[in-house]
Amino acid sequence: MHLKYDHRIIESKWQQTWEKTNAFKAAEDPAKEKYYLLEMFPYPSGRIHMGHVRNYTIGDVIARYKKMKGFNVMHPMGWDAFGMPAENAAIAKGVHPKAWTKDNISYMKDQLKQMGFSYDWDREIATCKPDYYRWEQLFFIRMFKEGLVYRDRGFLNWCDTCKTVLANEQVEDGKCWRCGTQIRLKEHNQWFFRITRYAQELLDSIKDIKQEWPERVLTMQKNWIGRSTGTHIRFAIKGMDNKIEVFTTRPDTLYGATFMSLAPEHPLAKTLSKGSDQEDRVRRFIEKTLLDDALTRTSDQYEKKGVFTGRYCINPLTGKKMPIFVANFVLYDYGTGAVMAVPAHDQRDFDFAKKYDLPITIVIQPEDSVLDSDTMEAAFVEDGILVNSDSFNGMENKKAIHAITSLLKETGQGEATINFKLRDWGISRQRYWGTPIPMVHCEKCGLVPVKEEDLPIVLPEEVEITEDGISSISEIPSFIHTTCPECGGKAIRESDTMDTFVESSWYFIRYCCPLSDQAPFDKDKVAYWMPVDQYIGGIEHAILHLLYSRFFTKMLRDLGFIDISEPFKRLLTQGMVIKDGAKMSKSKGNVVDPENLIHAYGADATRLFCLFAAPPERDMDWNDKGIEGASRFLGRLWRLSTEIKDESAKAPAMPGDVPSDMKGLKRKTHQTIKKVTEDIDKRFRFNTAIAAMMELVNDIYKARPEARNADDFAVIKESVEALIIMLSPFVPHITEELWSLLGHDGMLVHQKWPEYDPLWCEVEETTIAIQVNGKIRGTIAVKQDAPADEVKALAMANNNVKRFIEGSNLVKVIHVPNKIVNIIVKPA
RNA sequence: GCCCGGAUGGUGGAAUUGGUAGACACAAGGGACUUAAAAUCCCUCGGCCUUUGGGUCAUGCGGGUUCAAUUCCCGCUCCGGGCACCA
């Protein structure tokens with residue numbers, strides 16, 4: 001009788017053994033090449049979901065594989081523990097966010113352990129703990145001193161009924177998700193990180209990671225940073241001292257600028273109309289427009305509307321009056337929030353001019369036709385020759401861009417500039433569950449940072465939680481009232497907390513030295529482990545999290561904390577787990593709980609299924625039935641290994657009477673080792689690696705009845721053992737058990753990855769396809785690398801091929817070695 | 001709307017550098033074993049036609065390049081991700 005495969009017993013047994021023996025504890029060892037593998041840490045939402053299982057299984061395969069390859073692997077795990085869901089849960093259930101988060105962490109940690117992931121739990125981090133966020137507060141203070149933090153006007157979603165600030169996620173169709181009240185944008189001073197100071201470097205250093213990051217992620221980041229070269233132009237306002245500055249990539253059209261459009265958020269929008277009969281209309285227009293979100297406002301279908309402010313500015317080149325409008329399609333976030341309108345050469349300006357009957361002046365003519373401003377039906381946006389532009393008439397517009405910019409520069413009315421779409425990072429959150437911003441408002445001294453020795457500023461726990469919400473720390477007198485670090489007088493603490501993206505922008509460095517309490521980072525340890533060799537996470541983080549982390553790394557370098565410039569050497573973006581056509585997520589209610597799978601089929605089967613279902617980069621469509629196949633395969637592996645052990649023990653040592661040939665299996669074994677190694681190492685294609693190992697299992701099953709003597713069984717044993725070792729990163733528990741059942745002493749986690757013998761990988765014979773005029777008409781078997789003449793002759797001799805070439809004239813024969821022969825014929 | 005991806009049998013997917021489309025699985029159907037069931041093992045499995053040799057269509061749609069296109073180019077459709085306060 002053989003032991004039955006019982007995942008419940010085996011999995012917990014090996015999980016305990018690994019833990020007891022500290023199998024995954026990482027320590028600096030200069031003699032060994034380090035490998036820092038990291039998966040994006042989870043938000044402790046309550047239970048792990050399929051996305052976590054997929055992400056962490058992919059990571060675990062690589063971590064275990066690299067360890068077997070001899071690397072000193074660090075594979076840490078932690079918790080992105082601040083954030084909105086904890087507050088929502090607090091409101092819904094009356095639990096304190098801290099308690100809710102703590103419970104979730106302990107439950108999810110247990111779940112991760114049940115999956116058998118190879119984490120070094122000694123490095124665990126939770127971002128909501130003061131011993132973590134105190135360093136973030138230190139960074140904030142140092143950044144403030146370097147001018148990398150500033151306070152500026154910003155806009156918040158405000159619900160008048162709930163009297164609360166709403167996150168974008170909490171706004172549905174412009175209305176509050178709880179009470180349905182139309183939200184409005186409220187002005188509020190907020191803290192910003194000056195990420196734009198790094199815009200150029202973030203763009204330039206893409207070349208340093210280019211080889212190892214997915215192309216599409218870098219493309220998205222480049223577009224997000226959005227560098228463009230253009231010109232700043234200042235327009236004088238009639239009757240005022242102020243000027244309006246615009247950014248344009250088309251200074252060549254300046255002579256055609258006939259009016260000015262301001263974003264409703266523009267500080268001048270209200271000021272310009274003050275005291276005029278337009279004041280009320282402008283105010284109403286701005287209020288109305290601010291209700292529409294940015295997506296709507298940039299849409300093609302969005303009706304372009306505006307209102308005259310009652311004021312004019314002066315075109316710096318023509319000297320003509322240009323009416324100033326507030327227009328709903330102008331965005332405050334891009335450029336300067338003001339656009340010089342050139343209706344003849346910009347479609348939006350054209351539509352606007354037609355609607356409000358504003359002058360259209362053509363300043364660029366195409367070379368092959370003549371435009372007429374009275375009859376044109378769309379803006380002319382192509383290249384052409386300047387007209388109506390004084391001394392620039394007749395110049396190609398591309399050249400005029402530089403010529404006009406030079407003129408503006410000479411007259412002090414503008415200059416060439418570079419503009420980025422990237423905006424500074426607003427990090428203020430008017431929420432309780434986050435890192436307190438270590439600043440103090442003093443009436444006398446203004447904004448003063450907390451003294452570094454007074455850190456951490458601990459988030460107070462005594463908050464009021466009701467069904468309606470959670471009080472802000474601004475309502476806790478003991479927290480809010482303090483003394484000024486500079487003058488010692490009465491002062492008020494900043495009560496905004498930081499965006500949780502700040503915590504996740506540097507956690508990967510802290511993993512190198514999670515316990516250090518003298519400084520955020522231990523330089524030696526960081527120097528050994530950083531950068532992360534392989535980072536793995538969802539494609540949904542392609543821009544924000546990854547860009548913020550890159551920014552933080554560069555900034556911490558400049559603040560003297562670390563010596564590297566890019567945090568993640570290699571990136572793998574894993575696709576999402578999709579069910580019913582949408583991303584599996586709590587908010588969509590289509591979540592599959594992996595816990596049921598682990599109980600019913602085991603962690604190994606769950607891991608195998610996740611890896612086999614799709615390649616990591618692709619979205620994975622959830623299918624409940626697939627796990628059966630994974631589970632069946634493990635049963636097959638189990639029986640094969642235990643039975644072979646008995647059979648080989650009984651086999652006669654001397655060659656038996658029936659000759660047999662195990663060459664085929666030996667070849668397949670080495671080819672499989674090669675294939676699996678390359679699939680993991682070069683391509684991260686775990687699904688095809690598993691398929692290859694399934695093929696090997698099928699071949700062993702077929703070869704088994706042919707085995708007669710000890711030599712034959714030695715080949716089979718070699719196959720089975722190679723298989724068990726190669727499968728161990730994928731299904732670590734069952735393989736560990738089989739390894740020990742086969743009589744091995746040491747644990748499989750400490751085994752070396754198998755090597756393949758190139759000689760045994762060679763193919764003896766290959767099947768090549770014969771085409772006639774590009775259509776397959778037969779196949780022939782030939783020796784690997786057979787000479788072209790021989791192959792061509794064999795191809796022409798094929799019976800079916802003959803039917804298609806007989807009676808035609810041979811044009812040519814294309815031979816691609818070991819692949820195909822294509823015979824081109826023409827009818828006679 | 002803007003930026004970035006994706007689409008291959010009933011299903012998940014494979015085809016690594018332009019060279020036999022459908023590897024490996026799932027589901028389905030058939031058979032063996034069994035008192036029976038489960039498990040296991042074996043076989044069939046894109047559509048249509050067929051004289052069972054094979055022929056023909058087929059990788060979201062429409063064009064193109066090539067001896068040869070799932071793969072490269074152009075134009076679409078649909079689906080997904082991101083859009084700066086979800087993480």
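To find a chain, count down the sequence lines: A is the first, B the second, and so on, and within it residues start at 1. Values below: every heavy atom of this structure, side chains too, minus hydrogens, waters and symmetry copies.
The phosphate of B:A25 has OP1 or OP2 within less than 4.0 Å of a side-chain N or O from A:Asn698. Within the 4.0 Å cut-off from OP1 or OP2 of B:C4, at least one side-chain nitrogen or oxygen of A:Asn223 is found. Contact annotation: A:Arg685 reaches the phosphate of B:A14 (side-chain N/O to OP1 or OP2, under 4.0 Å). One finds a side-chain N or O of A:Asn687 lying less than 4.0 angstrom from the OP1 or OP2 phosphate oxygen of B:A14. Within the 4.0 Å cut-off from OP1 or OP2 of B:C26, at least one side-chain nitrogen or oxygen of A:Arg632 is found. Phosphate contact (OP1/OP2 of B:U20, side-chain N/O of A:Arg777, threshold under 4.0 Å): absent. OP1 or OP2 of B:A87 sits under 4.0 Å from a side-chain N or O of A:Thr500. For A:Lys674, no side-chain nitrogen or oxygen approaches OP1 or OP2 of B:U16 to under 4.0 Å.
Here A:Leu422 lies in heavy-atom contact (under 4.0 Å) with a base. Residue A:Ile824 is classed as a sugar-phosphate contact, given heavy-atom separations below 4.0 Å to backbone atoms only. No contact: A:Phe633 has no heavy atom under 4.0 Å from any strand. Among the protein residues, A:Leu156 comes within range of the nucleic acid bases, having at least one heavy atom under 4.0 Å from a base atom. Contacts of A:Ala613 with the nucleic acid, taken as non-hydrogen atoms under 4.0 Å apart, involve only primed sugar atoms and P, OP1 or OP2. Counting non-hydrogen atoms under 4.0 angstrom, A:Asn800 reaches the backbone sugars and phosphates but no base. Nucleic acid contact for A:Phe612: base, since at least one base atom lies under 4.0 Å from a heavy atom of the residue. Among the heavy atoms of the strands, none lies under 4.0 Å from A:Gln221. Residue contacts for A:Met620: at a heavy-atom cut-off of 4.0 Å it reaches no nucleic acid atom on any strand shown. Here A:Lys682 lies out of heavy-atom contact (under 4.0 Å) with every strand. Residue contacts shown for A:Lys826 are absent, as no nucleic acid heavy atom lies under 4.0 Å away. Within 4.0 Å (heavy atoms only), A:Arg429 reaches at least one base atom of the nucleic acid. Within 4.0 Å (heavy atoms only), A:Gly575 reaches no atom of the nucleic acid at all. Residue contacts shown for A:Ser504 are absent, as no nucleic acid heavy atom lies under 4.0 Å away.
Across all strands shown, nothing is found opposite B:G9 as a Watson-Crick or G-U wobble partner with both distances under 3.5 Å. Across all strands shown, B:G80 forms a Watson-Crick or G-U wobble pair with B:C4, both key distances being under 3.5 Å. Using Watson-Crick or G-U wobble geometry with both donor-acceptor distances under 3.5 Å, B:U52 finds no partner in any strand shown. B:U40 and B:A32 make up a base pair, with Watson-Crick or G-U wobble contacts both under 3.5 Å. Both distances falling under 3.5 Å, in either a Watson-Crick or a G-U wobble arrangement, occur for no nucleotide opposite B:U16. B:A23: no Watson-Crick or G-U partner with both key distances under 3.5 Å is found in any strand. Across all strands shown, B:G64 is found opposite B:C72 as a Watson-Crick or G-U wobble partner, with both distances under 3.5 Å.
Spacing between B:G29 and B:G81 at atom P, rounded to whole Å, works out to 35 Å. Rounded to a whole angstrom, the distance from the P atom of B:C42 to that of B:A27 is 16 Å. Atom name C1', nucleotides B:G80 and B:U71: the rounded distance is 22 Å, in whole Å. Rounded to a whole angstrom, the distance from the P atom of B:U8 to that of B:A14 is 11 Å. B:G10 and B:C45 have their P atoms separated by 15 Å, given to the nearest Å. Taking atom P on both B:A87 and B:U16, the two are 41 Å apart, rounded to the nearest angstrom. Using atom P as the reference point in both B:G9 and B:A23, the two lie 13 Å apart (nearest Å).
When ring centroids are compared, A:Tyr601 and A:Phe609 stay outside the 6.0 Å threshold. Close placement of the A:Tyr133 and A:Phe82 rings is indicated, their centers lying within 6.0 Å of each other. Aromatic rings of A:Trp506 and A:Tyr132 (six-membered ring for Trp) have centroids within the 6.0 Å cut-off, being under it. Ring centers of A:Phe686 and A:Phe612: at least 6.0 Å apart, outside the cut-off. Under the 6.0 Å cut-off for aromatic ring centres, A:Trp425 and A:Tyr548 qualify, their centroids lying closer than that.
The nearest whole Å value for the distance from the CD1 atom in A:Ile814 to the P atom in B:C67 is 7 Å. Between A:Met220 atom CE and B:G6 atom P the separation is 10 Å, expressed in whole Å.
Comparing atom distances between the A:Lys775 side chain and each of B:U16, B:C57, B:C86 picks out B:C57 as nearest. Nearest nucleotide to the side chain of A:Asp499, out of B:C85, B:A25, B:G19: B:C85. Residue A:Ala691 places its side chain closer to B:C24 than to any other of B:A14, B:C86, B:C24. Across B:A21, B:A27, B:A14, the shortest atom-to-atom separation from the side chain of A:Ile776 is found for B:A21. Of the candidate nucleotides B:A87, B:C4, B:G54, B:C4 has the atom lying nearest to any side-chain atom of A:Thr219. In this structure, of B:A84, B:C41, B:C4, it is B:C41 that holds the atom nearest to the side chain of A:Arg636. Listed nucleotides B:A25, B:A14, B:C4 differ in distance to A:Met694; the shortest reach to its side chain belongs to B:A25. Closest to the A:Trp224 side chain, of the nucleotides B:C83, B:G19, B:G81, is B:C83. Comparing B:C85, B:U16, B:U8 by their closest approach to the side chain of A:Asp679 singles out B:U16. Checking B:A84, B:C85, B:G81 against every side-chain atom of A:Met576, the shortest atom distance belongs to B:G81.
Nearer the 5' end of RNA chain B, as judged by each residue's closest nucleotide, is the contact made by A:Thr779, out of A:Glu540 and A:Thr779. Positionally, the nearest nucleotide of RNA chain B for A:Gly629 lies more toward the 5' end than for the other of A:Asn773 and A:Gly629.
With A:Ile780 as the fixed residue, the side-chain contact (heavy atoms from CB on, under 4.5 Å) test singles out one of A:Val801, A:Thr766, A:Ile770: A:Ile770.
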Quiz item: Where do A:Gln221 and A:Trp213 land on the side-chain hydrogen bond (donor to acceptor under 3.5 Å, both in side chains) test, with the steps shown first?
Solution: CA-CA 11 Å; A:Gln221 293 212 351; A:Trp213 278 45; over 6 Å; no

Practice problem: Under the side-chain hydrogen bond (donor to acceptor under 3.5 Å, both in side chains) rule, what do A:Asn55 and A:Glu39 come out as? Steps first, then yes or no, please. | Solution: CA-CA 7 Å; A:Asn55 189 181; A:Glu39 300 115 44; 5.5 Å; no

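Under the 90° criterion around 0 for the glycosidic angle, B:G53 counts as syn.
For A:Glu87 (side chain) and A:Trp433 (main-chain N/O), a donor-acceptor pair under 3.5 Å exists by modelled atom type.
More than 12 heavy atoms of other residues, nucleotides or ligands sit less than 6.0 Å from atom CG of A:Asn189.
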